[in-house]
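Below is one structure; the comments refer to it alone.
Note that this is a predicted model, so its numbers are computed, not measured. Residue numbers run from 1 in the order of the sequence given.
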Amino acid sequence: MSDEKQNTNTFDGLAAEGHGVSSPSEQDKVSDLEQTLTSKTEECKELNEKYLRLAAEFENYKRLAQRDQRDYIRFGNEQLLRELLPVLDNLERAIKSAKEQGSNDALVQGIDLTLKQFAGVLSKFGVQAVQTAGQPFDPTEHQAVAHVESTTVPEQHIVDEFQKGYRLHDRILRAAMVSVSAGAPKGPEAADA
């Protein structure tokens, strides 16, 4: 307490002498203190800016980590679903073959019910078939395995589907294998028609 009182008295005494501190050693001390204060203020500003940048970077990191986690949850079963698609294809082929042979027995009906249940489970997890019939060819969803001339289907539109394509939410699991129209026949065959 006496130190505080003594410091206060010293300051009051210095202030009472006129313009403030008059002795050269005291002026040097004051200028040193001002320089120290200025440097510490700048250091504080730099550290505050560094903290703000670090906080912003952490928020960006947190946002990216959350997005990655959502994508992992959404598409985590992609590989399993991709492996199940050939099973779905085989069930569809079995039913198609049985119907072409005119068979409508209980086994075919059972396979048909199993196929519908299997397709329902896949759609529950976000798997949808890619539309192909009459659609314009889209290389992100379709894989062209043949180009055929067609008078009924416009050029660069799908003529036939060889294998269904599937999408998981907004990502392609498997592209549809299709034949694409090359337009009407050109050349001597077109003149004969």
Discussion item. So does V108 get a backbone contact from the side chain of D105, meaning a donor-acceptor N/O pair under 3.5 Å?
Written reply: yes
Worksheet entry | Value rounded to 0.5 Å, distance of CG in L47 from CG in L54 | 11.5 Å
Worksheet item: Can you tell me how far the CD1 atom of I95 sits from the CG atom of L115, to the nearest 0.5 Å?
Response: 4.5 Å
Practice prompt. Check the hydrophobic clustering (I, L, V, M, F, W, Y; side-chain heavy atoms under 4.5 Å; chains of links allowed) and say if L81 and L88 are grouped together.
Written response: yes
Discussion item. Could you see if V130 belongs to whatever hydrophobic cluster contains F125? Use Ile, Leu, Val, Met, Phe, Trp, Tyr and a side-chain cutoff under 4.5 Å.
Written reply: no
Worksheet item: Same cluster or not: are L113 and F118 linked, directly or through other Ile, Leu, Val, Met, Phe, Trp or Tyr residues, by side-chain heavy atoms under 4.5 angstrom apart?
Response: no
Worksheet entry | Stepwise side chain to side chain contact (heavy atoms under 4.5 Å, CB included) test for L33 and L37 | CA-CA 6 Å; L33 288 174; L37 179 63; over 6 Å; no
Practice prompt. Please check if F137 and V148 belong to a single hydrophobic cluster, counting links between Ile, Leu, Val, Met, Phe, Trp and Tyr side chain heavy atoms closer than 4.5 Å.
Written response: no
Discussion item. Using the rule given for salt bridge (charged side-chain N to carboxylate O under 4.0 Å, His left out), can you reason through K29 versus E26, listing the C-alpha separation, both sets of side-chain angles and the distance that settles it, and then say yes or no?
Written reply: CA-CA 5 Å; K29 288 181 185 178; E26 290 178 359; over 6 Å; no
Worksheet item: For the atom pair CG (L122) and NZ (K124), what is the distance rounded to the nearest 0.5 Å?
Response: 11.5 Å
Donor-acceptor list for residues 57-74 side chains, cut-off 3.5 Å, not counting sequence neighbours:
| unit_1 | atom_1 | unit_2 | atom_2 | d |
| --- | --- | --- | --- | --- |
| N60 | OD1 | R63 | NH2 | 2.5 |

Using atom types as modelled, flag every donor-acceptor pair under 3.5 Å from a side chain in residues 156-183 to any protein atom, sequence neighbours excluded.
| unit_1 | atom_1 | unit_2 | atom_2 | d |
| --- | --- | --- | --- | --- |
| H157 | ND1 | E155 | O | 3.1 |
| E161 | OE2 | T132 | OG1 | 3.0 |
| Q163 | NE2 | D89 | OD2 | 3.4 |
| K164 | NZ | E92 | OE2 | 3.3 |
| R167 | NH2 | E141 | OE1 | 3.4 |
| R167 | NH2 | E141 | OE2 | 2.3 |
| R171 | NH1 | E78 | OE1 | 2.9 |
| R174 | NE | K164 | O | 3.1 |
| R174 | NH1 | D89 | OD2 | 2.8 |
| R174 | NH2 | D89 | OD1 | 3.1 |
| R174 | NH2 | D89 | OD2 | 2.9 |
| R174 | NH2 | K164 | O | 2.8 |
| S179 | OG | D160 | N | 3.2 |
| S181 | OG | V153 | O | 3.0 |
| S181 | OG | P154 | O | 3.3 |
| S181 | OG | G183 | N | 3.1 |

Response to the item:
In this structure, CG of D112 is separated from NZ of K116 (nearest 0.5 Å) by 4.5 Å
Worksheet item: Looking at E43 and K40, does any basic side-chain N land under 4.0 Å from a carboxylate oxygen?
Response: yes
Discussion item. Checking Q35 now: which residues fulfil side chain to side chain donor-acceptor pair (under 3.5 Å) with it, not counting sequence neighbours?
Written reply: none
Worksheet entry | Atom pair OG/CG of S97 and N90 - distance to nearest 0.5 Å | 11.5 Å
Response to the item:
d(K50 NZ, E46 CD) to nearest 0.5 Å is 10.0 Å
